[in-house]
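Notes follow once the structure below has been shown.
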Amino acid sequence: MLTNYIFIPIAAAFIAYILNKRNRKAGAVITALVSAYLLLSLTALYGRWDITQSFNLSLMGYKIDFLLAVNPLSWLFAVMTAAISILIALFSINSQENFKFSSVFNLNFLIIIGSMIGIVFARDFLTLFIFWELMTWTSFYLISAGKKKMAGRAAYRYIILSAGAAYAFLMAAIFIFQQTGSFAFDSAAEFLVANSPAQSIMLLLVISLPFIVKAGIFPLHIWVKDAHGNAPKEFSPFLSGMMLKIGIYGMIVVFYQLSFFKIIENTIAYRGLPLLSYLFALLGAVTIITGTILAIRQEDMKKLVAYSSISQMGYIIIGIAIATPLGFSGSMLHLMNHLIFKSTIFLALAAVIYRTGTTKMYEMGGLIFRMPLTFAAYLTAIIALAGIPPTNGFISKWVIYQALIEKGYLFLAIAAFFGSIASFMYVFKPLSTVFLGQLKPQHQNIKEVPLLMKIPMLILILVIVLFGVFPGIQMNIINQISGYLGIETVNYTLYSIQGANGAWNSLLIFNIFSAGFIIALLLFSFAKKSKLVGLLDTYSSGEYITDAESYHYAYQYYRPFDRLFDNLAAKSLTDFYETLTKNLVRSGEGLRRALAAGKLQNYALYSVLLFVILAAVGWII
Amino acid sequence: MNNNFVKGSWQEILDWAQNKSINMLHYCTGCGAIELPPTMTSRYDMSRFGIGPAATPRQADLLLVTGYLSTKTLRRLIYTYEQMQAPKFVVGFGSCTINGGMYWDSYNTIKQLDKYLPVEMYIAGCMPRPEAILDGLLKLKKMIADGEADGYQRYQDNLEYYHQNQEAVLGEVQRTQ
Amino acid sequence: MIDIIYRIGHFVLITVFSMALGLLFMGIARKIVARIQKRYGPPVYQPYLDVLKLFGKDAITHGFIFDFGAIMALGGVIATLFFIPLGSWQLYSMEGTVILVIYLLAIASLGMAMGTVGSGNPQASVGISRALMQMLGYELPYLVILFALIYRYQTSSVWGLMQAQAGSFLNWNLFAYPLMAAVAFVVLIGMMGKKPFDSMIAPSEIGSGPVVESGGKYLGMLLLQKSITIIIELALYVNLFLGGAENILIFTFKMLIVWVLATMFGSLFPRFRIEDGIKFFWKWPLGIAILQAIYIIT
Amino acid sequence: MRNEKDLLQLMNAHFEPLKLEIKRKQNVSVEFKKEELIQALSFLKSHSYRHLSTISCVDWPEEGEFELVYHLFSYDDLINISLKTRIKRDPGIFQTAKEIWPVAEFYERDIHDFFGVKFKGNDNLEELILENWQEIPPMRKDFDTRKFVNDKYEWRDYNGQKHTD
Amino acid sequence: MDKNTQTEIFFGPNHPGVPGNYGINYEFEGDTVTSARANAGHLHRGFEKLMEERIWIKNTALVPRICVEEPDINEMVYAMGFEAIGEIEVPRRADYIRSIILELARIQGHIFSIGGNAAGIGQYTVMHWGTLTRDYLLDIFEEITGARVYHIYIRPGGVRQDIEDETLDKILDLMDELENERFPDLQKALFENPNAQKRWQGKAVITKEEAIEMGATGPVLRANGVPHDLRKMMPYAAYDDVEFEVPTGENGDAWDRIKIARDDMLQSIKIIRQLINKIPDGPVQADLGNGLKYKIPKGDAYVKIESKRGEYGYYMVSDGSLKPYRVHVRGASTPLGLYGVREFLPGTRIADVPVWAKSLGICPPEFDR
């Protein structure tokens with residue numbers, strides 16, 4: 001029963017590929033239909049957490065069984081995947097008119113959706129690994145389908161990191177299989193708890209490697225900027241909305257289902273929190289700071305939003321790592337809100353790219369008059385991202401702050417404050433450079449995006465405001481998840497959440513804000529009607545503005561602020577990895593020249609030698 | 001807020017408020033501008049009558065033409081004047097704005113200011129002293145209070161006359177859209 | 001139903017009261033600065049006349065976003081008034097109001113930013129980018145201080161923090177944590193954009209920054225927004241560090257003292273360049289705030 | 001530390017000046033032919049006369065010539081030397097001193113604005129002080145300001161009688 | 001100019017940060033100026049043409065209106081030019097009075113520029129105090145010459161009228177008041193203010209070679225440690241009878257120039273005191289016959305004196321008639337205002353452009369004439 005949620009999208013993928021060859025829009029329509037079907041059937045699944053499905057396979061004498069099961073956590077992720085994919089499919093129906101690889105895009109996109117649902121329903125390492133690899137490879141093709149030259153390099157870096165981490169995951173899984181005889185999570189959990197803490201911690205860290213890479217946590221976040229920046233404009237929302245979250249899903253599985261917290265209970269603790277999970281929280285904090293500082297510097301809007309995704313993921317990781325009920329529900333709230341407003345931002349920017357063709361912010365300006373709805377969508381989304389009260393962004397950040405203050409983690413709180421206040425800066429930069437200011441001559445005759453692209457943006461705006469006023473809807477699924485994972489639940493009502501020391505009422509905030517707005521509106525309309533004046537009739541200290549194009553401030557918007565971090569950004573991590581790979585290749589080259597020297601018999605000798613060593617090792621273990 | 005309602009008692013209140021707080025545009029057009037700092041600062045202190053400097057034409061009500069006007073400055077002054085908003089007043093300093101003053105035979109300065117901009121009042125003195133400026137501005141405040149200072153109205157009514165004179169002297173003039 | 005009407009009446013009363021008080025404070029500030037500069041200066045009720053004149057003048061607009069920005073700025077600031085206890089007047093002693101106020105003020109500045117940049121003037125964009133950078137500068141130490149206070153008194157509502165300082169004036173936070181009060185005072189000057197930290201509206205560098213295109217009623221609304229912001233920030237400071245007050249008169253008197261000190265402090269300093277401003281905020285104030293927070297946590 | 005006489009001997013030694021004159025203490029004026037002036041400028045610059053005060057131009061319509069005067073000053077000799085030369089009025093062309101003193105470019109633009117003298121080698125000779133000026137350069141003697149002002153601006157008439165008649 | 005990355009700003013005529021009616025159109029990228037052009041000519045009244053239409057004595061009324069910050073410098077140079085061509089001997093007392101007037105003008109000019117610089121970086125208190133102090137000096141001028149700003153007092157051949165003794169005592173009292181009360185206030189408020197130093201130090205640097213190459217003199221040159229002062233190099237009026245040092249700076253930035261302005265004022269006070277103590281008696285006006293018929297032989301002369309901004313010179317040609325044949329005005333800030341903007345402004349930050357313009361003392365009427 002569960003398998004059809006996985007195999008229908010994958011099957012539809014090939015149909016979409018064939019159909020799309022003939023009619024350009026067919027692929028996207030099929031994706032939309034499939035994801036609509038998934039969404040409906042998955043929501044019908046709500047509440048029946050006991051469905052499991054398993055089938056086994058015997059291979060070389062070992063009995064391997066693949067387990068699939070539904071639980072609140074996996075249900076939430078599956079629904080989120082389906083929801084975001086239907087919006088993106090709708091959006092890409094006519095935003096891909098002039099996109100060469102649209103049939104390949106739809107093929108991979110559907111396979112990714114299927115594999116993601118597969119990952120989420122998997123209850124054992126092997127199925128998890130199979131669907132994980134499927135997802136990684138198809139997303140690799142999709143990223144490299146973006147801008148030719150740059151996308152290639154970004155895709156390579158992405159695939160090397162993910163593949164390395166996945167194979168480490170496989171080694172640890174096989175090791176556990178040898179000890180417990182089965183890949184299932186529950187049996188692995190008992191084994192790890194019983195095992196000596198040091199070894200099980202090592203195993204769990206290796207298992208969580210692919211999840212850290214996928215979630216873009218600090219040391220391994222370098223692939224995110226290039227992958228997002230160069231992926232095709234329709235795939236970026238999915239990439240930053242959903243793909244980063246799957247890494248978080250994996251972390252939650254490691255922390256709770258594989259009982260990482262129970263194992264490190266007794267290790268040395270810092271203010272009541274085991275040191276290792278505090279380390280994870282610190283990693284999250286550093287992700288926030290680096291993501292924010294680098295986001296402010298970017299001139300390409302997609303890279304800017306990519307870095308902001310990294311810094312927002314930092315919040316979620318902090319929430320999970322401090323393992324308090326408030327922290328967990330805050331991070332789950334933020335996870336859902338981030339998906340919503342981040343995909344709105346990416347869709348709005350995709351609409352702008354669809355019309356103007358460029359992603360560089362200083363090549364645009366004054367688009368508010370030509371694309372008002374895109375501006376409205378972008379504005380609501382950045383109000384949410386900046387965490388300003390009437391929207392959902394504020395609620396999740398507020399809960400995380402409560403969790404941090406309750407336990408008194410000062411440095412995490414400083415990073416969180418820095419991240420949220422600095423988000424005003426990098427959020428306002430695209431608004432002011434792309435939408436406001438003087439209109440560029442070449443964008444004079446731009447029209448608003450077609451209807452089919454407007455619908456997803458409108459839906460997302462409504463969802464942002466809806467969840468902003470009634471967070472209770474999100475809270476009931478989150479409480480079921482925390483119940484399933486064994487964390488006490490946070491009590492809430494439809495529009496208020498119980499913080500560390502008092503309830504928070506978002507409906508009231510909305511009413512008060514609208515009351516204030518009405519008073520200001522009354523005051524505004526009381527005075528004389530003002531005369532509309534063109535954008536060129538502005539204060540230029542008496543001189544005449546000859547060309548509007550140069551009367552627009554867009555390049556290096558926060559130069560004084562960036563100057564403070566110039567040397568920090570210069571020593572960015574990518575150079576570190578570059579140098580690492582360079583001398584790795586050099587040493588390999590030296591070794592090869594020294595040993596093989598091109599003669600055939602040397603090769604034969606070495607292979608025999610290798611075979612002998614392997615046989616010996618196999619015999620010892 | 002249509003205009004006839006505004007014309008009634010409400011206009012007196014607005015005139016009263018307008019004369020109590022005037023923003024003077026910070027644009028030193030001619031040599032008389034050297035007497036403005038002493039009037040604005042500690043010794044003669046123009047701000048005790050509610051008159052303060054404003055940086056841009058949008059925020060300003062009062063345009064001081066301090067002394068002679070070269071054609072280049074006049075072209076920019078007209079552009080700035082049209083950027084200012086409705087109850088706006090122009091005050092001319094010294095004899096250069098009345099009949100060209102000491103530069104009556106200069107090829108580059110205009111001879112009569114009120115052919116190009118509606119002038120509320122002139123303040124005498126080849127560069128009027130701070131006391132004369134204050135006295136002039138106090139009279140201007142009284143004129144505003146009584147509603148006589150309607151230079152901007154005169155400019156709107158015979159716009160054609162002013163634009164013709166301006167084009168005659170300056171050739172083409174840049175208009176605000 | 002009666003309760004709703006009472007609430008709305010109370011709400012409008014507080015808005016008008018704080019606008020009037022804010023404008024009076026601005027008049028007093030102009031008088032003090034004038035006295036320091038050895039001159040009389042405008043009468044104390046001058047801001048009321050300015051606002052009345054501005055609402056009577058014609059104005060120009062650059063399109064929808066220019067109006068929407070001004071309205072959103074004033075609306076956001078009026079909404080913030082709800083959550084600050086002014087003496088005994090307190091409409092909603094809800095939880096989390098401390099952090100909420102910081103973010104509601106952010107609505108106002110975002111609204112003003114959007115409106116003024118919508119005027120298409122690069123000097124306005126430069127002013128706004130400086131304002132946002134400075135906001136990051138002074139907001140960090142302020143939030144660390146709030147973090148310490150909330151942790152210390154285990155309540156995150158302004159009303160709760162005020163109650164915690166009840167009793168003799170000895171246990172006001174000003175005396176309990178003098179260093180933190182000093183840092184908060186410097187941050188207060190930065191938040192209100194007074195002299196050493198007013199590079200975002202620097203007339204000589206960028207022609208009075210964001211307000212370059214706002215004339216007539218837009219300037220009037222910005223003045224009202226500034227007056228209410230002054231009252232909010234002063235009320236926050238008095239509530240957090242001077243123990244609030246029983247009735248409104250004592251409260252206003254305390255606010256006046258802090259306001260006069262802030263004006264005098266600023267009138268003798270030339271304006272920072274924006275990166276020196278941020279460096280200043282992140283050097284001493286942030287350092288002291290973190291030390292104080294560590295002292296409180298352990 | 002040369003005094004005025006040594007300076008004049010130096011000039012005589014290297015060039016054939018048309019006229020040498022000691023005007024006052026620390027003030028000397030020398031007249032050159034058109035071709036020699038630029039070499040004299042660079043020669044003097046290398047001999048401690050590194051300060052170029054300004055370049056003046058005088059219009060002699062009777063002789064049909066413009067007179068260009070370059071004022072130099074030396075911080076060592078503390079002597080002010082004015083180098084003069086005469087150029088024909090109708091073509092009114094002279095070489096630029098831009099290579100020796102870059103600031104001369106603006107003095108030449110100013111003279112071009114008011115006298116119409118064209119300086120070969122100084123490429124941006126557009127208007128510096130005046131703004132779209134159609135008549136002949138105003139500082140020339142044959143430009144009658146009174147007539148120009150009469151037809152362009154009209155003076156205020158005090159009940160029928162102009163204050164200027 | 002790459003239109004996308006660079007923004008054009010008109011630091012134009014109607015801008016609070018610009019000194020006088022003058023404009024700088026500059027492009028900036030991020031927050032650094034990349035290219036700049038001077039937008040001059042707003043104050044052009046064609047002085048030199050007007051002077052050719054008036055007889056010698058009428059020009060004395062026209063001449064002070066050329067540069068509004070330093071009217072007496074123009075009157076002095078015009079008179080010296082007339083006397084140089086006509087080889088006229090000026091009575092000793094007139095020389096002394098002329099030097100007193102010039103030094104008083106230098107003090108009020110320096111206070112005004114210090115106030116302007118302080119307003120450029122937002123220190124309005126010092127602007128108010130500076131302008132107040134300047135007003136006391138204008139009162140003294142009013143007493144001597146009858147007018148606050150345009151005095152028309154120094155005439156060819158001497159001075160319009162004598163100074164009574166109690167006016168001289170008033171000047172001495174004013175000098176004491178300046179030295180003991182006014183300047184210490186400015187010293188504490190501005191020169192010992194860490195913010196002000198941080199805003200001015202290292203900004204708008206003009207090195208010694210650049211200044212000499214450009215022909216810039218006065219504080220711009222002296223800020224690099226070069227004590228060049230025309231009052232010492234080519235003494236005129238009564239400067240050979242007084243001793244004073246020439247203040248200099250080291251690294252040629254705005255901070256040094258403003259400190260030089262302050263030290264210049266202190267030196268001027270010392271000079272005025274010496275002049276008043278040693279003032280001889282005698283006539284104040286050489287006997288040149290009827291003013292309307294002043295006539296000097298054919299000839300030309302380039303005369304220059306040390307204004308507060310540097311060398312201020314006239315090149316005057318007379319053809320023996322009743323009217324001057326040609327007068328060419330060389331303002332002190334001409335090289336900086338036109339050429340210096342294009343060469344030395346690129347590279348400064350936007351926040352330092354007003355500091356650049358005001359600390360270099362750009363006075364637009366000098367090169368607009």
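Every chain is numbered from 1 and lettered A, B, ... according to where its sequence line falls, protein lines coming before strand lines.
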By the definition ring pair (Phe, Tyr, Trp, His ring centres under 6.0 Å), identify the one residue from A:Phe369, A:Tyr378, A:Phe428 that meets it with A:Phe435.
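Exactly one pass, corresponding to A:Tyr378.
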Calculate, to the nearest 0.5 Å, the distance between atoms NZ and CD1 belonging to E:Lys203 and E:Ile121 respectively.
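It comes to 10.0 Å.
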Among residues 556-564 of chain A, which residues come closer than 4.5 Å to chain E, judged by heavy atom distances?
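A:Gln556, A:Arg559, A:Pro560, A:Arg563, listed by number.
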Can a salt bridge be assigned to the pair E:Glu48 and E:Arg369 using a cut-off of 4.0 Å between side-chain N and carboxylate O?
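Between E:Arg369 and E:Glu48 there is a salt bridge, with a charged N closer than 4.0 Å to a carboxylate O.
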Looking at E:Val205 and E:Gly202, what are the two nearest heavy atoms and their distance?
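Closest approach of E:Val205 to E:Gly202, heavy atoms only: CG2-O, 3.6 Å.
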What closest approach, in Å, do A:Gln298 and A:Met361 show between heavy atoms, and which atom pair accounts for it?
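Answer, listing the atom of A:Gln298 first, then A:Met361: O-CE, 3.5 Å.
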Who passes ring-ring contact (aromatic ring centres under 6.0 Å, His included) against A:Tyr362, sequence neighbours left out?
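Testing A:Tyr362 for ring-ring contact (aromatic ring centres under 6.0 Å, His included), a comparison that skips the adjacent residues, returns A:Tyr555.
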Between A:Ser540, A:Ala554, A:Gly365, which has the largest tally of heavy atom pairs under 4.5 Å with chain E?
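So the answer, after comparing A:Ser540, A:Ala554, A:Gly365, is A:Ser540.
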Between E:Phe11 and E:Phe28, does the ring centroid distance fall short of 6.0 Å?
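No; E:Phe28 has its ring centre 6.0 Å or more from that of E:Phe11.
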Show your reasoning for whether ring pair (Phe, Tyr, Trp, His ring centres under 6.0 Å) applies to A:Phe346 and A:Phe91.
CA-CA 11 Å; A:Phe346 260 114; A:Phe91 186 85; over 10 Å; no
Does any heavy atom of chain E fall under 4.5 Å from the side chain of A:Lys360, the backbone, both, or neither of them?
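For A:Lys360, no heavy atom lies under 4.5 Å from chain E.
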Counting heavy-atom pairs under 4.5 Å to chain A, which of E:Gly30, E:Ala351, E:Gly12 comes out on top?
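Going by pairs under 4.5 Å, I would pick E:Gly30.
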Name the option with the most non-hydrogen atom pairs under 4.5 Å to chain A; the candidates are E:Asn39, E:Val18, E:Ile9, E:Thr5.
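That would be E:Thr5.
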